[in-house]
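What follows is a short report on a single structure.
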Amino acid sequence: MSGAFVVIGGSAGGIEALELIFRQLPSDFAAPILIVEHLHPSDDGALARHLAHLTGLRVLEPSDKTPIAAGHVYTAPANYHMLVERPGNISLSVDDRVNWSRPSIDVLFESAAHAWGSALVAVILSGANGDGANGLKAVKVAGGRTIAQKPQDAASPQMPQAAIDTGAVDEVLRADSIAQRLVMLCQCHDLVTRKKP
């Protein structure tokens with residue numbers, strides 16, 4: 001699969017930020033989006049159902065080995081790490097918690113950076129711990145683009161601030177500006193990709 005890819009991580013306050021983003025994303029947004037939101041272990045797919053009401057994109061909670069497709073949104077199931085597995089499938093894992101979390105943002109971001117490199121855009125939203133900061137650094141090292149929600153705009157500023165403190169964040173944006181920026185970044189990447197011989 002060619003083109004751009006998006007990974008998003010959030011925790012406390014992250015769902016509110018996701019709502020703003022998905023209300024603004026166009027229904028023809030082609031880049032696959034993979035989301036880790038820290039969930040209660042008893043969550044039964046409610047996040048995917050909730051986001052599906054806000055967007056024309058197809059939103060689903062994947063199974064292990066689900067192929068990643070353009071125009072689709074994948075939300076990590078409760079109590080499973082979600083990883084990107086070459087050549088473009090989702091892998092689910094019950095390995096130990098990372099940063100006290102399963103699913104862990106770091107686990108998704110690091111696997112996506114390995115798989116997609118410079119084609120990746122990573123976004124850290126509101127949250128109350130530091131999960132995602134190391135993964136964001138991995139995305140930056142791999143040549144990807146990194147965005148953090150503005151801490152003053154976040155219900156819980158600790159997570160975006162931890163990401164910013166790594167020095168690996170390219171842009172700091174309000175949640176209501178992130179969708180427009182994703183559209184611009186992914187369109188630009190697709191244009192560059194199509195120009196290559």
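Throughout, residue positions are numbered sequentially from 1 according to the sequence presented.
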Treating [X] as the side-chain partner and [Y] as the backbone partner, does any N or O pair qualify as donor plus acceptor under 3.5 Å?
X      : Y      : value
Gln158 : Asn129 : no
Ser93  : Asp95  : yes
Asp170 : Ile147 : no

Considering residues at least two apart in sequence or located in another chain, which fulfil the side-chain hydrogen bond (donor to acceptor under 3.5 Å, both in side chains) criterion with [X]?
X      : value
Asn134 : none
Ser11  : His38
Lys137 : none
Asn89  : none

| request: Could you tell me whether Asp96 and Arg102 make a salt bridge, using a distance below 4.0 angstrom between a side-chain N and a carboxylate O? | output: no
In the structure I gave you, are the side-chain heavy atoms of [X] and [Y] within less than 4.5 Å of one another anywhere?
X      : Y      : value
Leu120 : Arg145 : no
Met159 : Asp131 : yes
Ser177 : Arg174 : yes
Gln24  : Val183 : no
Phe29  : Cys186 : yes
Leu18  : Ile35  : yes
Ser91  : Val84  : no
Pro32  : Val6   : no

On a heavy-atom basis, which atom in [X] and which in [Y] lie closest, and how many Å separate them?
X      : Y      : answer
Phe109 : Gly9   : CZ-N, 3.7 Å
Asp106 : Ala133 : OD1-N, 3.6 Å
Leu182 : Val121 : CD2-CG1, 3.7 Å
Ala175 : Leu20  : CB-CD1, 3.8 Å
Leu125 : Gly10  : CB-CA, 4.2 Å
Ala138 : Glu110 : CB-CG, 3.9 Å

Nearest 0.5 angstrom please: [X] [atom1] to [Y] [atom2], how far?
X      : Y      : atom1 : atom2 : value
Ile33  : Leu51  : CD1   : CG    : 9.5 Å
Phe5   : Ser118 : CZ    : OG    : 10.5 Å
Thr146 : Leu136 : OG1   : CG    : 4.5 Å
Leu108 : Ile90  : CG    : CD1   : 8.5 Å
Glu19  : Thr55  : CD    : OG1   : 12.5 Å
Arg181 : Glu171 : CZ    : CD    : 4.0 Å

| Can you check side chain to side chain contact (heavy atoms under 4.5 Å, CB included) on Asp43 and Glu61, steps first, answer last? | CA-CA 11 Å; Asp43 183 89; Glu61 193 176 86; 4.2 Å; yes
| said: Between Thr66 and Glu85, does the side chain to side chain contact (heavy atoms under 4.5 Å, CB included) criterion hold? Intermediate values first, please. | reply: CA-CA 10 Å; Thr66 294; Glu85 183 177 73; over 6 Å; no
| request: Using salt bridge (Lys or Arg N to Asp or Glu O under 4.0 Å) as the criterion, list what pairs up with Arg49, not counting sequence neighbours. | output: Asp44
Is it the case that one hydrophobic cluster holds both [X] and [Y], taking links as side-chain heavy atoms less than 4.5 Å apart, direct or via other members?
X      : Y     : answer
Met82  : Val98 : no
Val7   : Val36 : yes
Val123 : Leu83 : no

Show me, pair by pair, the donor-acceptor contacts under 3.5 angstrom made by side chains of residues 68-77, not counting sequence neighbours?
from: His72; atom 1: ND1; to: Ala70; atom 2: O; distance (Å): 2.8
from: Tyr74; atom 1: OH; to: Pro67; atom 2: O; distance (Å): 3.3
from: Tyr74; atom 1: OH; to: Ala69; atom 2: N; distance (Å): 2.7

| message | Is there a side chain to side chain donor-acceptor pair (under 3.5 Å) between Asn99 and Ser104? Walk through the geometry before answering. | response | CA-CA 7 Å; Asn99 295 315; Ser104 163; 4.7 Å; no
